[in-house]
Amino acid sequence: MKMKSLVKIYMSIIVMIVALYSLMPTIVNADANEKTQKIDQFVQEQKAISKIPGISIVIVEKGKTVYEKGFGYADVQSKTPVTSNTLFELGSTSKAFTGLAILQLEREGLLKRSDDVRKYIPWLKLKYNGKLHSITINQLLYHTSGIATNTISNIPKSNEPNALELTVKKLLDQPLNRQPGSSFEYATINYDVLGLVIEKVSKQPFDTYIKQQILKPISMNDTFVGLHQVKSNEMASGYKIGLMREQEYTPPIYRGNVPAGYIISNTNDIAKWLKLQLGNSQIDSFDHKIIQESHIPDQSVEPFDKDTYYASGWGVMGKEEQYISHAGENPTFSSYFVMQPDEQLGVAVLSNMNSSYTTVIGQGVIDLWEGKTVNTIHTDIFQNLDKIISLICVIVVGLGMFLSILLLTTLREIVKKQRIRVSLNIKRTFLLIFHSLSVAIIFALIIMFPKLLPERSNWEFIIVWGPTSITVLFYSVIVSAVIYCLLGLVKIFTKKEKEIKM
């Protein structure tokens with residue numbers, strides 16, 4: 001009797017276990033569906049606030065792509081929707097590809113990261129406080145070379161094959177900003193120097209090396225190294241914020257900046273890249289130890305953010321719960337990759353506008369997937385700047401129109417002989433000198449304004465990277481200043497006929 005009771009109990013337990021296991025997929029799917037709905041809603045809300053035209057997102061977990069979706073338009077005018085095939089410029093998330101290539105070449109015995117960069121580029125002699133300093137490949141990888149952040153504004157426009165060398169040679173015109181190895185200073189051109197090192201060591205163009213040695217083994221077949229390689233109609237149009245809405249814009253080509261910021265890819269391929277980084281890829285040609293090594297940060301200097309140190313193209317944050325991430329920004333595109341290695345979880349966000357909201361969206365997506373609370377309070381510097389400049393534009397354009405009416409009225413009086421030319425007297429000579437000085441000051445301020453900024457930039461860089469409202473303001477100020485100059489001269493050299501008779 002006891003035996004029968006035990007059998008019944010065991011059978012009941014087995015039935016319960018089987019029933020529980022059968023319900024597990026439903027519970028898991030319900031949880032995943034809830035996360036997906038929250039992510040969809042969050043991204044749509046942030047997209048509306050940020051005014052980003054198009055966004056592509058992918059989530060990988062434990063070797064699988066668990067979420068992949070496009071939002072908005074790859075091209076607003078044609079209303080082409082964003083898909084997982086849509087191509088975007090990555091911006092600085094390109095640096096991890098260059099960093100991996102350096103580690104790969106070291107593994108092959110073709111270079112050492114402790115080497116002075118002049119071993120491969122002998123003419124790259126850079127000074128700090130008037131004294132030549134040695135810069136190692138490691139220091140370039142970790143942004144501790146002493147090269148200044150503002151060197152980005154000197155990157156030359158070029159689509160020529162020698163653009164990379166031309167870019168690196170620009171460093172010869174500028175001293176180092178700090179002693180190499182002493183502290184962190186992010187300078188995008190560090191990775192262009194590394195790109196040139198790769199060319200010298202591999203004896204082939206940077207784009208060819210990356211395509212053959214990095215992208216091809218991972219089967220990232222729809223990824224391109226520079227715009228000059230793109231042979232696809234899937235490329236998204238790029239946009240900037242301007243006059244408080246998205247504005248399509250085509251920036252100059254900076255082929256010499258490809259190693260630091262101009263890998264072009266889509267979320268289909270980036271999913272493969274994230275899986276490789278997380279150790280979930282089945283690619284035998286890549287030693288996972290090299291991947292892990294690329295995630296080891298340089299802790300010989302102070303962190304560049306809270307508990308965050310720089311590795312080989314990645315920022316590494318945290319000690320117990322580690323996150324590996326990097327943001328990317330180009331004039332009309334932005335991206336954000338973030339990974340949690342312990343959970344084998346990775347998120348990538350690609351967008352066709354330069355906006356810090358891309359990073360906010362990426363961080364929010366991984367937080368939602370992990371069941372955390374999302375911080376939705378954020379402001380974008382370009383968006384805020386655009387609002388201020390748009391308001392100034394209205395004022396300047398209004399002033400310009402007012403001055404134009406005054407000038408036209410004055411010219412009309414001259415045509416009708418109501419104003420006639422007069423000779424200069426002491427008063428008018430004084431007014432002419434004052435007017436000339438005021439005009440000279442206005443134009444000097446326009447020309448010198450970028451140099452007065454903390455980063456000592458130039459107008460070309462500001463117009464390319466800033467909101468399009470800056471361009472409108474720039475030309476509005478110049479036109480208004482010219483009208484003011486002409487109006488003043490006409491007023492000084494002419495007088496109403498009634499005033500003369502009196």
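If you're wondering where the values come from, they're calculated on a predicted model, not measured in any experiment.
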Within the 4.5 Å heavy-atom criterion, are Q277 and I324 side-chain neighbours or not?
no
Can a cation-pi geometry be assigned to K47 and F71, taking NZ or CZ under 6.0 Å from the six-membered ring centre and within 45° of the ring axis?
no
Taking atom NZ of K157 as the centre, does the number of heavy atoms from other residues, nucleotides or ligands within less than 6.0 Å exceed 12?
no
Count the heavy atoms belonging to other residues, nucleotides or ligands that lie under 6.0 Å from CZ of F461, then report whether that count exceeds 12.
yes
Find the distance between OG (S312) and CZ (F97) and round it off to the nearest 0.5 Å.
14.0 Å
Expected output: side-chain N354 to main-chain N330 donor-acceptor under 3.5 Å:
yes
Before you tell me yes or no, could you show the steps for W465 and S457 under side-chain contact (heavy atoms from CB on, under 4.5 Å), namely the whole-Å CA-CA distance, both residues' side-chain angles and the distance that decides it to 0.1 Å?
CA-CA 11 Å; W465 282 83; S457 188; over 6 Å; no
Shortest non-hydrogen contact between Y128 and L176, atoms and distance:
CD1-O, 3.6 Å
Those residues at least two apart in sequence (or on a different chain) that pass ring pair (Phe, Tyr, Trp, His ring centres under 6.0 Å) with F337 are none
Donor on one side chain, acceptor on other, S300 and D298, under 3.5 Å:
yes
Judged by atom type as modelled, is there a donor-acceptor pair below 3.5 Å linking the side chain of S390 to the main-chain atoms of D386?
yes
Just by distance, do the side chain of T98 and the backbone of P259 share a donor-acceptor pair under 3.5 Å?
yes
Could you pull out all residues at least two apart from Y336 that satisfy ring pair (Phe, Tyr, Trp, His ring centres under 6.0 Å)?
none
Nearest atoms (heavy-atom pairs only) where A348 meets I270:
CB-CG2, 3.5 Å
Can you name the residues that form a ring pair (Phe, Tyr, Trp, His ring centres under 6.0 Å) with H288, not counting sequence neighbours?
none
Heavy-atom side-chain contact between I264 and L227 under 4.5 Å:
yes
Run D116 and K119 through salt bridge (Lys or Arg N to Asp or Glu O under 4.0 Å) and show every step you take.
CA-CA 6 Å; D116 186 329; K119 181 177 178 180; over 6 Å; no
For S351, which residues count as a side chain to side chain donor-acceptor pair (under 3.5 Å) partner, sequence neighbours excluded?
S334, T358
Would a distance-only check, ignoring hydrogens and angles, find a side-chain to backbone donor-acceptor pair under 3.5 Å from Y239 to V76?
yes
Between K289 and E293, is there a side-chain N and carboxylate O pair less than 4.0 Å apart?
no
Are N154 and Q174 close enough that a side-chain donor and a side-chain acceptor fall under 3.5 Å?
yes
Residue pair A148 / A187: nearest heavy atoms and the distance that separates them
O-CB, 3.5 Å
Rounded at 0.5 Å granularity, tell me how far CE in M353 sits from CD1 in I241.
4.5 Å
What pair of heavy atoms forms the shortest contact from L166 to S158, and how long is it?
CD1-OG, 4.4 Å
With a 4.5 Å cut-off on side-chain heavy atoms, are E302 and S183 touching?
no
Would you compute the distance between atom OG of S202 and atom CD of E108 and round it to the nearest 0.5 angstrom?
9.5 Å
Evaluate the criterion side-chain contact (heavy atoms from CB on, under 4.5 Å) for residue pair T332 and N352; output intermediate values, then yes/no.
CA-CA 6 Å; T332 56; N352 57 350; over 6 Å; no
If only atom types and distance count, is the side chain of E68 paired as donor or acceptor with the main-chain N or O of N268 below 3.5 Å?
yes
Considering all heavy atoms, the nearest E370-L345 contact
CG-CD2, 3.7 Å
Applying the ring pair (Phe, Tyr, Trp, His ring centres under 6.0 Å) criterion to H326, which one of W273, Y310, W314 satisfies it?
Y310
Give the intermediate values and the outcome of side-chain contact (heavy atoms from CB on, under 4.5 Å) for residues E248 and D75.
CA-CA 9 Å; E248 188 171 352; D75 186 274; 4.3 Å; yes
Measuring only between side-chain heavy atoms, which start at C-beta, is S265 closer than 4.5 Å to L90?
yes
Return a table of donor-acceptor pairs under 3.5 angstrom between the side chains of residues 203-220 and protein atoms on other chains or two or more places apart.
| unit_1 | atom_1 | unit_2 | atom_2 | d |
| --- | --- | --- | --- | --- |
| D207 | OD2 | H228 | NE2 | 2.6 |
| Y209 | OH | Q104 | OE1 | 3.0 |
| K211 | NZ | T223 | O | 2.5 |

Side-chain donor-acceptor pair under 3.5 Å between D40 and Y67, yes or no?
yes
Side-chain (D305) to main-chain (T308) donor-acceptor, under 3.5 angstrom:
no
Nearest heavy atoms of Y191 and H143, plus distance in Å
CE1-NE2, 3.6 Å
Heavy-atom check, side chain of L141 versus side chain of I102, under 4.5 Å
yes
Please examine the side chains of T136 and S114, heavy atoms only from C-beta on, and report whether any two atoms are closer than 4.5 Å.
no
Pair S56, T267: side-chain N/O donor-acceptor within cut-off below 3.5 Å
yes
Given side chains that start at C-beta, do those of V58 and L350 come closer than 4.5 Å, heavy atoms only?
no
Spell out, as yes or no, whether a donor-acceptor pair under 3.5 Å connects the side chain of Q340 to the backbone of E343.
yes
Looking at Q383 and I49, would you say the former's side chain and the latter's main chain have a donor-acceptor pair under 3.5 Å?
yes
Any side-chain donor paired with an acceptor under 3.5 Å for S355 and S50?
no
Do R178 and T144 make a side-chain contact, defined as non-hydrogen atoms from C-beta onward lying under 4.5 Å apart?
no
One should read off an interatomic distance between L391 CG and L473 CG, to the nearest 0.5 angstrom, of 10.5 Å
Please indicate whether L452 has more than 12 foreign heavy atoms, meaning atoms of other residues, nucleotides or ligands, lying under 6.0 Å from its CG.
yes
Do S469 and K387 pair up side chain to side chain, a donor and an acceptor below 3.5 Å, judged on atom types alone?
no
d(N33 CG, K38 NZ) to nearest 0.5 Å is 12.5 Å
Test side-chain contact (heavy atoms from CB on, under 4.5 Å) applied to L368 and T373, I59, I39, the passing residue
I39
May I have the step-by-step check of side-chain contact (heavy atoms from CB on, under 4.5 Å) for V258 and L164, ending in yes or no?
CA-CA 8 Å; V258 168; L164 185 52; over 6 Å; no
What residue pairs, at least two apart or across chains, pass ring-ring contact (aromatic ring centres under 6.0 Å, His included) with a residue in residues 345-388?
Y357-H378
Out of curiosity, L105 CG to L194 CG, how far, rounded to the nearest 0.5 Å?
10.5 Å
